[in-house]
Amino acid sequence: MAVTEATGNTKRKQTKTITLGSGHIYYKEYSGTLPDTATICTEANRLGYISGGAHLEYSNEVYTATDDLGIVKKTKITTETVTLGTGLATWNGDSLAVLLATGRTEIKANRRITKIGGLDNDNGKSYVICFHHPDKKDGDLWVTIVGKNTNGLTLDFAKDAESVVEALFTAEPSDDEGTLVVIEEEIQTTGT
């Protein structure tokens with residue numbers, strides 16, 4: 001692994017890291033300030049255990065202006081979209097209430113009762129979602145967004161497969177700069 005050490009405003013460069021494997025997904029209700037990953041990524045904030053990995057997607061739309069003869073051209077990004085998706089192999093009513101804005105749970109005796117639906121029950125909440133990819137060799141990676149699940153819910157109950165809840169969180173700006181996703185890389189400096 002090649003690592004270039006930071007000097008002044010120069011950033012570290014790591015050029016031989018292969019990101020391999022899945023990770024963990026955590027959440028915390030968004031309060032207007034993005035907490036650090038150590039605050040988010042705790043067992044108490046685990047959304048569930050992942051099945052099928054996770055995926056981050058950034059897409060944009062552009063507008064291109066040009067003159068009639070094609071001599072001058074200018075392109076500008078007009079919209080951006082970031083989504084973070086994963087499958088949850090472990091879930092319960094509490095995690096469904098995070099995924100569904102109209103979901104709510106209560107405990108009665110020895111049962112968790114989850115109710116879903118009713119537009120008046122929309123909680124309006126946004127969540128900090130953090131995917132943590134552990135890597136002992138090359139360093140951990142964290143992907144953090146603020147957003148809501150926009151995937152709805154499908155539960156399949158099959159005799160030969162686990163019931164996986166597919167979540168797709170669509171990012172909202174998390175600061176005054178309009179940041180949609182924060183990707184943090186742990187850079188191993190041993191062996192430089």
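Not measured: the values here are computed from a predicted model.
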Shortest non-hydrogen contact between Ser22 and Pro134, atoms and distance: O-CD, 4.0 Å
Show me the donor-acceptor pairs, under 3.5 Å and distance only, between side chains in residues 24-31 and residues at least two apart or in other chains.
residue	atom	partner	partner atom	Å
His24	ND1	Arg46	NH1	3.2
Tyr30	OH	Gly32	O	3.2
Tyr30	OH	Ser174	O	3.2

Test side-chain hydrogen bond (donor to acceptor under 3.5 Å, both in side chains) applied to Ser126 - qualifying residues, sequence neighbours left out: Glu172
So, for Gly118 and Thr102, which heavy atoms are closest and what is the spacing to 0.1 Å? O-CG2, 3.5 Å
Is it the case that one hydrophobic cluster holds both Val182 and Val146, taking links as side-chain heavy atoms less than 4.5 Å apart, direct or via other members? yes
Over all heavy atoms of both residues, which pair between Thr105 and Gly93 is shortest? Give the atoms and the distance, please. CG2-O, 3.0 Å
Do other residues, nucleotides or ligands put more than 12 heavy atoms under 6.0 Å from the CG atom of Leu20? no
Ignoring hydrogens and angles, write down the donor-acceptor pairs under 3.5 Å from the side chains of residues 151-165, residues two or more places apart or on other chains.
residue	atom	partner	partner atom	Å
Asn151	ND2	Glu166	O	2.9
Ser163	OG	Asp156	O	2.6

Roughly how far apart are Leu100 CG and Asn149 CG, rounded to 0.5 Å? 6.5 Å
With a 4.5 Å cut-off on side-chain heavy-atom distances among I, L, V, M, F, W and Y, is there a chain of contacts connecting Ile129 to Leu56? yes
Which pairs, with at least one residue in residues 92-115 and sequence neighbours excluded, count as a salt bridge (charged side-chain N to carboxylate O under 4.0 Å, His left out)? Asp94-Arg112
CG (Leu47) and CZ (Phe169) are apart, to the nearest 0.5 Å, by 5.5 Å
Result block: side-chain N/O donor-acceptor pairs under 3.5 angstrom for residues 60-70, not counting sequence neighbours:
residue	atom	partner	partner atom	Å
Thr64	OG1	Thr75	OG1	3.0
Thr66	OG1	Val72	O	2.8
Asp67	OD1	Gly70	N	3.3
Asp67	OD1	Ile71	N	2.7
Asp67	OD1	Val72	N	2.7
Asp67	OD2	Leu69	N	3.1

Enter the distance from Asp175:CG to Leu180:CG here, rounded to the nearest 0.5 Å. 9.0 Å
Backbone N or O of Leu168 within a donor-acceptor pair of the Thr150 side chain at under 3.5 Å? yes
Give a yes or no answer on whether the side chain of Glu186 reaches the backbone of Asp140 with a donor-acceptor pair at less than 3.5 Å. yes
Output the distance between atom OG1 (Thr86) and atom CD1 (Ile50), rounded to the nearest 0.5 Å. 3.5 Å
Same cluster for Ile116 and Tyr127 if Ile/Leu/Val/Met/Phe/Trp/Tyr side chains link at under 4.5 Å? yes
Are Ile145 and Leu99 connected into the same hydrophobic cluster when the rule is that any two of I, L, V, M, F, W, Y join if their side-chain heavy atoms are below 4.5 Å apart? yes
Going by ring-ring contact (aromatic ring centres under 6.0 Å, His included), name the residues that satisfy it together with His132, two or more places apart in sequence or in a different chain. Trp142
When clusters are formed by joining ILVMFWY residues with side-chain heavy atoms under 4.5 Å apart, either directly or through shared neighbours, do Ile40 and Phe131 land in the same one? no
